[in-house]
Amino acid sequence: MLQKTPLAVILNGLFRYRFLWYAVLLIPAFVFRDYSPDNELKYLSIAQEALQNGTWFTFYNHGQAYADKPPLFFWLIMLSKLAAGRYYLWLIGLFSLLPALGILAVMNRWFLRYGVRHRPVVSEILLLTTVLFTASALVVRMDMLMTFFIVLSLYTFFRLYRPVGSIPSRWWLPIWIFGAVFTKGPMGFLIPVLSMLAFSGLQKDFRSLWRIMGWKS
């Protein structure tokens with residue numbers, strides 16, 4: 001049996017751990033900059049007031065009630081402060097960066113499961129070099145986390161609609177949609193549900209949509 005060349009071993013290692021390298025390349029964008037005043041400092045201020053007041057379900061921004069966003073993302077920021085003792089931009093930035101990498105992983109699994117021919121690294125780099133995607137991954141906002149939950153919900157829906165291999169529990173679909181709603185509100189519900197409705201309309205198969213979603217969802 002032919003042994004692998006050193007170059008092949010190195011390339012194979014880079015491929016296997018490519019998500020780690022993506023993170024290593026992108027984290028410096030958080031380390032070498034300051035907080036943006038429009039969103040990041042505002043979110044930290046809201047989280048800090050909640051910690052000072054001991055409130056985890058009601059939020060305030062300089063004493064004014066703040067109800068624009070659901071609590072999940074603020075909880076993550078608050079937990080990072082409790083765990084690390086202070087706010088670190090690189091640590092809080094992981095709440096955007098890791099969901100972005102999770103989206104890449106889910107899309108790769110989706111393609112492989114259904115036999116879509118593609119080159120994983122090329123597909124990932126195409127997405128990572130898309131300005132809107134990368135910009136959303138490199139700012140402390142809840143957009144990327146919501147998108148991650150939406151992608152998971154669509155992937156779960158498609159697996160239930162066209163089963164290949166193991167079939168996930170139908171409970172995962174409403175859980176992912178709830179995660180998106182609990183991250184950023186109504187858009188987390190509208191985007192996946194309208195996408196499923198549009199897909200079912202194109203397939204002329206609304207019965208399967210009801211079978212998958214059902215009254216439990």
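Closest non-hydrogen pair, V181 versus G188, comes out as CG2-C, 3.8 Å. For the pair G185 and P70, the tightest heavy-atom approach, listed with the atom from each and the gap, is N-CG, 3.4 Å. In terms of heavy atoms, A180 sits closest to I150 at CB-CG1, 4.0 Å. Nearest heavy atom pair, residue M187 against residue P192, reads O-CD, 4.0 Å. Across all non-hydrogen atoms, the minimal contact from F74 to A47 is O-CB, 4.4 Å.
Panel note: side chain T129, backbone L126; a donor-acceptor pair is recorded below 3.5 Å. S96 places a side-chain N or O within 3.5 Å of a backbone atom of V139 that can act as its donor or acceptor partner. The backbone N or O of G63 lies less than 3.5 Å from a partner atom in the side chain of E49, making a donor-acceptor pair.
Side-chain polar atoms of S36 and N39 form no donor-acceptor pair below 3.5 angstrom.
Contact annotation: the side chain of I167 never approaches that of R159 to less than 4.5 Å [non-hydrogen atoms, C-beta and beyond]. The side-chain heavy atoms of V140 and F73, taken from C-beta on, include a pair separated by under 4.5 Å. In this structure, F95 and L98 have side chains that are not in contact, with every pair of non-hydrogen atoms separated by 4.5 Å or more. F199 places a side-chain heavy atom less than 4.5 Å from the side chain of F157. Taking 4.5 Å as the limit, some side-chain heavy atom of F133 sits within range of a side-chain heavy atom of I103. At a threshold of 4.5 Å between non-hydrogen side-chain atoms, the residues L26 and L128 count as touching. With a 4.5 Å cut-off on side-chain heavy atoms, N61 and S45 count as touching. Side-chain contact check for M196 versus I177: some heavy-atom pair is nearer than 4.5 Å.
Connection of M144 to L132 is not established within any shared hydrophobic cluster, with ILVMFWY side chains joined at heavy-atom distances below 4.5 Å, either directly or through further cluster members. Hydrophobic clustering (ILVMFWY, side-chain heavy atoms < 4.5 Å, transitive): L194 and L209 are in one cluster. Note on W210: it does not cluster hydrophobically with W171, by side-chain heavy-atom contacts below 4.5 Å among ILVMFWY residues. There is no path of hydrophobic side-chain contacts, each under 4.5 Å, that joins L112 to W110. Linking ILVMFWY residues whenever their side-chain heavy atoms come closer than 4.5 Å, directly or via other members, places I27 and I77 in the same cluster.
The environment of Q52 atom CD is dense: over 12 non-hydrogen atoms of other residues, nucleotides or ligands sit within 6.0 angstrom. Few gaps surround CZ on R211; more than 12 heavy atoms of other groups in view lie less than 6.0 Å from it. More than 12 heavy-atom neighbours from other residues, nucleotides or ligands sit within 6.0 angstrom of OH on Y161.
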Inset, instruction - Evaluate the side-chain contact (heavy atoms from CB on, under 4.5 Å) criterion for residues F158 and T156: first the C-alpha distance (whole Å), next the side-chain angles of each, then the deciding distance (0.1 Å), finally the verdict. - result: CA-CA 5 Å; F158 197 79; T156 302; over 6 Å; no
Inset, instruction - Give the C-alpha distance, both sets of side-chain angles, the deciding distance and a yes or no for side-chain contact (heavy atoms from CB on, under 4.5 Å) between L104 and Y22. - result: CA-CA 11 Å; L104 299 181; Y22 295 154; 4.2 Å; yes
Inset, instruction - Show your working on side-chain contact (heavy atoms from CB on, under 4.5 Å) between L154 and I191 and close with a plain yes or no. - result: CA-CA 10 Å; L154 295 177; I191 294 175; 5.8 Å; no
Inset, instruction - Determine, stepwise, if the pair R117 / F111 fulfils side-chain contact (heavy atoms from CB on, under 4.5 Å). - result: CA-CA 7 Å; R117 295 183 60 186; F111 290 162; over 6 Å; no
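Note that CG of L72 is 8.5 Å distant from CZ of F178, once rounded to the nearest 0.5 Å. Taking CG from N108 and CZ from R113, the interatomic distance works out to 13.0 Å, rounded to the nearest 0.5 Å. Atom CD of residue E40 and atom CZ of residue F30 lie 7.5 Å apart, to the nearest 0.5 angstrom. How far CD1 of I212 is from CG of L160: 5.5 Å, rounded to the nearest 0.5 Å. Atom CD1 of I46 sits about 8.5 Å away from atom NZ of K69, to the nearest 0.5 Å. In this structure, I92 CD1 and S80 OG are separated by 4.5 Å, a value rounded to the nearest 0.5 Å.
Looking at R119 and E124, no side-chain N of the basic residue comes within less than 4.0 Å of a carboxylate O on the acidic one, giving no salt bridge.
With sequence neighbours left out, V106 forms a side chain to side chain contact (heavy atoms under 4.5 Å, CB included) with F148, V151, L152, Y155.
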I'd like a table of donor-acceptor pairs (distance under 3.5 Å, sequence neighbours excluded) in which one partner is a side-chain atom from residues 82-91, with atom names and distances.
from : atom 1 : to  : atom 2 : distance (Å)
Y87  : OH     : Q48 : OE1    : 2.7

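Taking the centre of each ring, W75 and F57 come in below the 6.0 Å mark.
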